[in-house]
Amino acid sequence: MSNSSNKSPEFFEEDGENTNLLWQYVQSMAPDTVSQLSKPTSHEVFQVMERNIVGLLGNLPSEHFGVTVTTSREHLGRLLASAMISGYFLKNAEQRMTFEKSIQASERHGSED
């Protein structure tokens, strides 16, 4: 993996007009916090994220093919950002689903009384 321009992409810049506050915030987090936020909370979320990334990279089974992916630092960063956004979206969707199920259960329980 090489960055042919030898210039950091704008999402890695830390000074000047292109300061990315989100990137600074993530860098300021404790490693255990980042690790906890990076792990999917359920097997279903993990499977959807895995399918999404496999779809982006290609779906050749590694046991039958010698799969090599070559990219630039910038494109890898964008892939990572896309995977992170998908993960956050899925985590929020999962939380919403859990919340809606608990409300429905509460409503059923309330109507039984």
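Just so you know, these numbers use all the heavy atoms, side chains as well, and skip hydrogens, waters and symmetry mates. All figures in this text were calculated on a predicted structure; none of them were measured in a lab.
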- Between the side chains of His75 and Ser72, does any donor sit under 3.5 Å from an acceptor?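 The criterion, which ignores hydrogens and geometry beyond distance, is satisfied for Ser72 and His75.
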Could you measure the distance from the [atom1] atom of [X] to the [atom2] atom of [Y]? Nearest 0.5 Å is fine.
X	Y	atom1	atom2	result
Thr70	Leu76	OG1	CG	11.5 Å
Ile103	Arg96	CD1	CZ	9.5 Å
Gln104	Phe99	CD	CZ	11.0 Å
Glu100	Glu107	CD	CD	10.5 Å
Met29	Gln27	CE	CD	11.5 Å
Glu50	His43	CD	NE2	8.0 Å

- Is Val48 reachable from Val54 through a run of hydrophobic residues whose side-chain heavy atoms are each under 4.5 Å from the next?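 Different clusters: Val54 never reaches Val48 through Ile, Leu, Val, Met, Phe, Trp or Tyr contacts under 4.5 Å.
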- Message: Using a 3.5 Å distance criterion without hydrogens, assess whether the side chain of Thr98 forms a donor-acceptor pair with backbone atoms of Glu94.
- Response: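 Yes; judged by distance alone, with no hydrogens or angles, the pair exists.
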- Message: Quick one: does any side-chain atom of Ser86 pair with a main-chain N or O of Ser82 as donor and acceptor, under 3.5 Å?
- Response: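 Answer holds: yes.
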- Task: Indicate yes or no: at least one non-hydrogen side-chain atom of Ser28 is less than 4.5 angstrom from one of Tyr25.
- Result: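 A side-chain contact exists here, since the closest heavy-atom pair is under 4.5 Å.
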